Amino acid sequence: ASIDNALTVIGRAITRVAVTFDPSAVLFGGPTSELIGAQLIERTREVWEETPTFGRSAPLFLPANQADLAGALGAASLPLHSYFSPRPVQ
């Protein structure tokens with residue numbers, strides 16, 4: 001019962017953020033999602049259906065492909081982002 005409650009609370013938080021920012025997709029990754037990711041995605045979809053979304057369509061709720069490597073991939077991409085980012089004209 002406590003895991004069900006936690007899934008609902010997290011699903012509500014994710015839904016509220018998604019309603020606010022209107023993303024096309026929400027990715028679930030990390031160590032927790034490896035254990036309960038499928039249940040969390042399903043509960044978030046259920047919560048979305050029960051929540052007023054002001055006409056917004058549901059984003060895709062998907063598991064991250066590289067969940068265990070997300071931090072390393074993000075860190076590895078920082079030099080590339082820095083190098084290829086547009087520079088302000090002075």
Side-chain angles (χ1 to χ4, degrees):
S2 61
I3 291 179
D4 288 336
N5 291 339
L7 291 171
T8 299
V9 170
I10 295 168
R12 284 183 188 146
I14 292 167
T15 296
R16 289 177 179 146
V17 171
V19 167
T20 302
F21 292 103
D22 198 22
S24 58
V26 175
L27 300 177
F28 294 81
T32 303
S33 70
E34 292 175 15
L35 298 172
I36 58 169
Q39 296 96 325
L40 181 56
I41 291 171
E42 182 58 34
R43 184 62 53 87
T44 303
R45 286 183 180 133
E46 292 169 2
V47 170
W48 181 276
E49 296 301 321
E50 300 166 358
T51 303
T53 58
F54 309 102
R56 289 183 170 81
S57 56
L60 297 172
F61 297 111
L62 304 168
N65 289 335
Q66 303 296 330
D68 55 340
L69 298 175
L73 291 172
S77 70
L78 287 175
L80 293 172
H81 176 72
S82 177
Y83 182 78
F84 290 107
S85 292
R87 305 277 192 278
V89 177
Q90 298 180 356

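Sequential numbering from 1 along the given sequence is applied to the chain's residues. Keep in mind it's a predicted model, so treat the numbers as computed, not measured.
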Group every Ile, Leu, Val, Met, Phe, Trp and Tyr by side-chain heavy-atom contacts under 4.5 Å, then state whether Leu35 and Leu40 land in the same group.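 Linked within one cluster.
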Mark yes or no for whether Ser82, through its side chain, and Leu78, through its backbone, hold a donor-acceptor pair below 3.5 Å.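 Here the side-chain-to-backbone pair does not exist.
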Find the distance between CD (Glu42) and CD (Gln39) and round it off to the nearest 0.5 Å.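 Going from the CD atom of Glu42 to the CD atom of Gln39 covers 9.5 Å.
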Please report the interatomic distance CG(Leu60) to CD1(Ile41), rounded to the nearest 0.5 Å.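 So the CG of Leu60 and the CD1 of Ile41 are separated by 11.0 Å.
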Residues two or more places apart in sequence or in another chain: which of them pass side chain to side chain donor-acceptor pair (under 3.5 Å) with Glu46?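 Once residues adjacent in sequence are excluded, the partners of Glu46 under the side chain to side chain donor-acceptor pair (under 3.5 Å) criterion are Arg43.
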When you look at CD1 of Ile3, are more than 12 heavy atoms from neighbouring residues, nucleotides or ligands closer to it than 6.0 Å?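 Not more than 12 within 6.0 Å, no.
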For Arg45 and Phe61, work out which heavy atoms get closest and say how close.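 Arg45 and Phe61 have their closest heavy atoms at NH2-O, 2.9 Å.
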Could you pull out all donor-acceptor pairs under 3.5 Å where a side-chain atom in residues 10-30 meets a protein atom, sequence neighbours excluded?
unit_1 : atom_1 : unit_2 : atom_2 : d
Thr15  : OG1    : Gly11  : O      : 2.8
Thr20  : OG1    : Arg16  : O      : 2.8

